[in-house]
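Remarks on the structure that follows.
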Amino acid sequence: MDLPFVPIELTARDSARGIARRWSVVACRDLFGTLLVETRWGRIGRAGQRRTHAFASEDAARAHVRALLARRARAPRRIGVGYKPN
């Protein structure tokens with residue numbers, strides 16, 4: 001995975017249980033060359049939340065994105081339904 005990369009957007013849906021979640025991550029560089037990794041999450045159709053982390057090295061940003069994706073992969077255990085690409 002090279003940074004910056006194409007944004008990753010995932011959704012988790014289970015209408016029987018009322019689960020409709022979205023999650024996305026994007027990495028880009030600011031004007032000073034710092035890598036920014038922005039994560040957005042929340043219910044589908046709502047404003048949701050977002051968090052931005054700044055990284056000096058590409059390796060640290062890549063490790064952060066991999067950790068975020070690993071957590072999404074454990075969603076079936078946590079929320080009962082997995083995330084799928086849009």
Side-chain angles (χ1 to χ4, degrees):
M1 160 179 28
D2 293 327
L3 296 175
F5 59 86
V6 176
I8 298 170
E9 297 184 18
L10 305 172
T11 57
R13 296 174 191 243
D14 185 355
S15 57
R17 297 180 51 219
I19 295 173
R21 297 182 183 186
R22 63 178 168 72
W23 182 87
S24 67
V25 62
V26 63
C28 60
R29 292 194 183 271
D30 67 3
L31 293 173
F32 304 105
T34 303
L35 271 165
L36 301 176
V37 176
E38 181 181 75
T39 309
R40 293 178 183 237
W41 69 93
R43 289 189 55 84
I44 294 173
R46 302 286 183 170
Q49 299 178 38
R50 72 177 176 181
R51 178 173 288 161
T52 303
H53 292 275
F55 297 94
S57 75
E58 196 167 307
D59 291 334
R62 188 178 295 116
H64 179 71
V65 171
R66 283 189 181 133
L68 292 172
L69 291 172
R71 181 163 168 82
R72 295 290 75 77
R74 293 188 303 270
R77 270 189 299 179
R78 292 183 303 103
I79 64 174
V81 62
Y83 281 87
K84 297 179 183 172
N86 283 347

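Keep in mind that this is a model prediction, so the values were computed, not measured.
- Proximity of Leu69 to Trp23: side-chain heavy atoms (C-beta onward) are separated by under 4.5 Å at one or more points.
- Residues Val25 and Leu10 share a single hydrophobic cluster, defined by chaining ILVMFWY side chains whose heavy atoms lie under 4.5 Å apart.
- Atom CZ of Arg13 sits about 12.5 Å away from atom CD1 of Ile19, to the nearest 0.5 Å.
- Once rounded to the nearest 0.5 Å, the distance linking CG of Leu68 with NE2 of His53 reads 7.0 Å.
- Between Arg43 and Gly18 the shortest heavy-atom distance is NH1-O, 3.3 Å.
- Separation of atoms OG1 (Thr34) and CZ (Phe55) is listed at 11.5 Å; rounding is to 0.5 Å.
- Around the CZ atom of Arg72, the shell of radius 6.0 Å holds more than 12 heavy atoms that belong to other residues, nucleotides or ligands.
- For the pair Val37 and Val65, the tightest heavy-atom approach, listed with the atom from each and the gap, is CG1-CG2, 3.8 Å.
- Here the closest non-hydrogen pair linking Ser24 and Glu9 is CB-CG, 3.8 Å.
- Here the closest heavy-atom approach between residue Arg22 and residue Arg46 is recorded as NH2-O, 2.8 Å.
- Here His64 contributes atom NE2 and Thr39 contributes atom OG1; the two are 5.0 Å apart, rounded to the nearest 0.5 Å.
- Around the CZ atom of Arg78, the shell of radius 6.0 Å holds more than 12 heavy atoms that belong to other residues, nucleotides or ligands.
- Here the straight-line distance linking atom CD1 of Ile79 with atom CZ of Arg17 works out to 7.5 Å at 0.5 Å rounding.
- The two atoms that bring Ala75 and Gly82 nearest to each other are CB-CA, 4.4 Å, heavy atoms only.
- With rounding to the nearest 0.5 angstrom, the CG atom of Leu36 is 7.0 Å from the OG1 atom of Thr52.
- Under a hydrophobic clustering in which Ile, Leu, Val, Met, Phe, Trp and Tyr are joined whenever their side-chain heavy atoms come within less than 4.5 Å, directly or via other members, Trp41 and Tyr83 fall into the same cluster.
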